[in-house]
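Have a look at the structure below, then the notes.
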Amino acid sequence: MPQYQRPTGTNDILPDEQAYWHYIFDRIHHVAALYGYQQIETPIFEDTAVFARGVGEGTDIVQKEMYTFEDRGGGSLTLRPEFTAGVVRAYIENGMKVWPQPVKLYSIGPAFRHDRPQANRYRQFWQFNAEAIGEQDPAIDLEIMSLAWDLYTALGITEISFQVNSTGCSKCRPTYIEQLAAFFAQHEGRLDENDQRRLASNPLRILDTKDASIQDLIESAPNISDYVCDECREHFDTLLSYLDLQGRPYTINPRLVRGLDYYTKTVFEVWSSALGGAQSAISGGGRYDGLAEVLGGEPTPGVGYAAGIERTISVMQELDVRPPELTSPRVALIYLGDAAKRACIALASELRSRDIGAVMFFDDPSMRSQMRSADREDVRYALILGDRELEQDVVAVKDMVKDVAQQTIERGVIVSWLKEGLNGSRQ
RNA sequence: GCGGCUGUAGCUCAAUAGGUUAGAGCACCUGGUUGUGGCCCAGGAGGUUGCGGGUUCAAAUCCCGUCAGUCGCCCCA
């Protein structure tokens, strides 16, 4: 065992895995641009109150999952457990209410939650986050969902579907929760320890219980759709009609209740059948019409969503979707002797300044060893310099991919020769 | 925060019912070629068997603790 190991629940993203990350980031920028979303990057930590108040004091995230620490100045800071609260804080702080509305923003970066790690769940994990702030039309809810869908399509991810629900608003949800709590209270004896605790803290969550023995209770429990106010109902129905219009498969899931307090009206998740168990949600989001006010801004509607990058990669691997390979250096410089080494160092600089990737191997290894290294770097050409070449002012060029005779190229034209030879070649 | 399973070389794994210098494949280094990669061959380096304690004549192996990984619960991406 090494003396030091990475903290529990964190990962080193090694070179071999970077092709996925580059590809996903590239597709994110592309799809976000198609929808007119602009990138914003907020700090990785914020004043603790931003999350405590924004996400909600009663949530699991705030109660037991935040990385909170005292700043040297005495204030309390927290590593972001999610993006939305920070982005809405930035909206308010930067006066974005005077920008053309809605303000459509996206971010990519790590978030932190002190959970117990398990498959596809880590303490530091990356998210792609998108927010549309300042618009209440359900068409913008659809737009965010559509953006999510298009991203997966662009990545070659299939077999996904939406789960949607309406959780009501500040006007109608309290009544529903009251009714729900009253209902479960009548059957408290049948609830397990977990669900009894939820009865007090968050009765909505009982709907998602894993306890099979109370399925009949869940079935007969009050349904949110019978309690939402006219405004929420119309919002939801319109959203569903837009989804129908786009032909996107969805399931209305009356038990979908997300664990952040700020959601109002629309909540949704994207599920992938490629991931088993509890981690079938690869992204999720919803509307948060009350959040800006909670954070000290003017009442401002908003809707957003977050996709887990690690889960996205898992799905790609499950489905055997391969990202394009990263480009690697295209030539290796092989030297024999000190004079040639100096000539190679100069040539390498010249090649790189002309956008030709070039690598060398130091500590004066044998030619054979240099050739082996060149092979492992997947270069297209090995450029060989020794006393003979120096004398004649030429470079010996060996094609490492095609089985053709080695060539001798004049030093003065080697750059243009390579430019032509490498044209169209990814190596 | 709770529970199951697992910790042997960089990686994947061996090591009869506890028994002597803990092995192999891959990867790495060197050589087989005074200046030519892949394939092949030869050699080399690499381990306080996660850590600590206990049982035993003897522990990688059994027991306890601890740490870590992994899977699951809660919750979520």
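Letters A, B, ... mirror the listed sequences (proteins, then strands); counts begin at 1.
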Quiz item: Do the side chain of A/Lys265 and the main chain of A/Tyr288 share a donor and acceptor less than 3.5 angstrom apart?
Solution: no
**Request:** Verify the ring-centre separation between A/Tyr250 and A/Phe162: is it less than 6.0 angstrom?
**Result:** no
From CG of A/Asn129 across to C1' of B/A77 the rounded distance in Å is 11 Å
When rounded to the nearest Å, what value does the distance between P atoms of B/U56 and B/C63 take? 16 Å
Here the distance between atom P of B/C26 and atom CG of A/Asp16, to the nearest Å, is 19 Å
Rounded to whole Å, CE of A/Met367 lies from C1' of B/G37 at a distance of 10 Å
**Message:** Using a 6.0 Å distance limit plus a 45 degree cone around the ring axis, check whether A/Arg80 lies over the aromatic ring of A/Phe83.
**Reply:** yes
note: A/Arg372, atom CZ; B/U30, atom P; distance rounded to Å ~ 8 Å
Atom CD of residue position A/Gln18 - does it have more than 12 heavy atoms of other residues, nucleotides or ligands inside 6.0 Å?
yes
Q.
At less than 3.5 Å, do the side-chain atoms of A/Asp375 and the base atoms of B/G37 form a donor-acceptor pair?
A. yes
From CG of A/Asp363 across to C1' of B/C29 the rounded distance in Å is 12 Å
TODO: Indicate, with a heavy-atom threshold strictly under 4.0 Å, whether A/Tyr122 touches base, sugar-phosphate, or nothing.
DONE: base
Which of B/G35, B/C28, B/G69 is nearest the side chain of A/Thr8? It is B/G69
Sorted by position of nearest nucleotide on RNA chain B, 5' first, the leading residue of A/Ala307 and A/Ile384 is A/Ile384
Mind checking the C1' distance from B/C51 to B/G69? Whole angstroms is fine. 15 Å
As its Watson-Crick or G-U partner within any shown strand, both distances under 3.5 Å, B/G65 has B/C51
Determine the Euclidean distance between corresponding C1' atoms of B/C62 and B/G43; express it in Å to zero decimal places.
40 Å
Practice prompt. Measure from the side-chain N and O atoms of A/Asp26 to the backbone N and O of A/His22, and report whether any donor-acceptor pair falls under 3.5 Å.
Written response: no
The Watson-Crick or G-U wobble partner of B/A45, with both key distances under 3.5 Å, is none
field: C1' gap between B/G10 and B/A45, integer Å
entry: 13 Å
To the nearest angstrom, the CZ-P distance between A/Arg380 and B/G38 comes to 19 Å
Assert: residue with more 5' nearest nucleotide on RNA chain B, out of A/Met400 and A/Arg6, is A/Met400
Closest of B/U36, B/C71, B/A77 to the A/Gln118 side chain is B/C71
*Rounded P spacing from B/G25 to B/G44 in Å*: 13 Å
For this session: Would you please indicate yes or no on a ring centroid separation below 6.0 angstrom for A/Phe183 and A/His187?
Result: yes
pair_partner(B/C11), Watson-Crick or wobble, both distances < 3.5 Å, evaluates to B/G25
In Watson-Crick or G-U wobble terms, with both distances under 3.5 Å, the base opposite B/G38 is none
>> Taking the P atom in each of B/G18 and B/G1, what is the distance between them to the nearest angstrom?
In response: 37 Å
Base B/G35 paired with A/Glu389 side chain (donor-acceptor, <3.5 Å):
yes
If we take the C1' atom in both B/C13 and B/G54, what is their distance in whole Å? 29 Å
**Request:** Using only heavy-atom distances, decide whether a donor-acceptor pair under 3.5 angstrom links the side-chain of A/Arg116 to the base of B/U70.
**Result:** yes
To the nearest angstrom, the CZ-C1' distance between A/Arg376 and B/C26 comes to 13 Å
Would you say the side chain of A/Gln406 and the base of B/U36 hold a donor-acceptor pair, judged only by whether the two atoms sit under 3.5 Å apart? yes
> Should we count CD of A/Gln136 as having more than 12 external heavy atoms under 6.0 Å?
Replying inline: no
Re B/C2: Watson-Crick or G-U wobble partner, both distances kept under 3.5 Å, found to be B/G72
inquiry  = With the criterion set at under 5.5 Å between ring centres and under 30 degrees between planes, would B/A77 be stacked on A/Phe125?
reply    = yes
Mate of B/G19 across any strand shown (Watson-Crick or G-U wobble, both atom pairs under 3.5 Å) is B/C57
note: A/Asn11, atom CG; B/A77, atom C1'; distance rounded to Å ~ 14 Å
Side-chain atoms of A/Arg368 come closest, of B/C40, B/A77, B/U30, to B/C40
Can you check the distance between B/A77 and B/A17, where both ends of the measurement are the C1' atom (answer in whole Å)?
49 Å
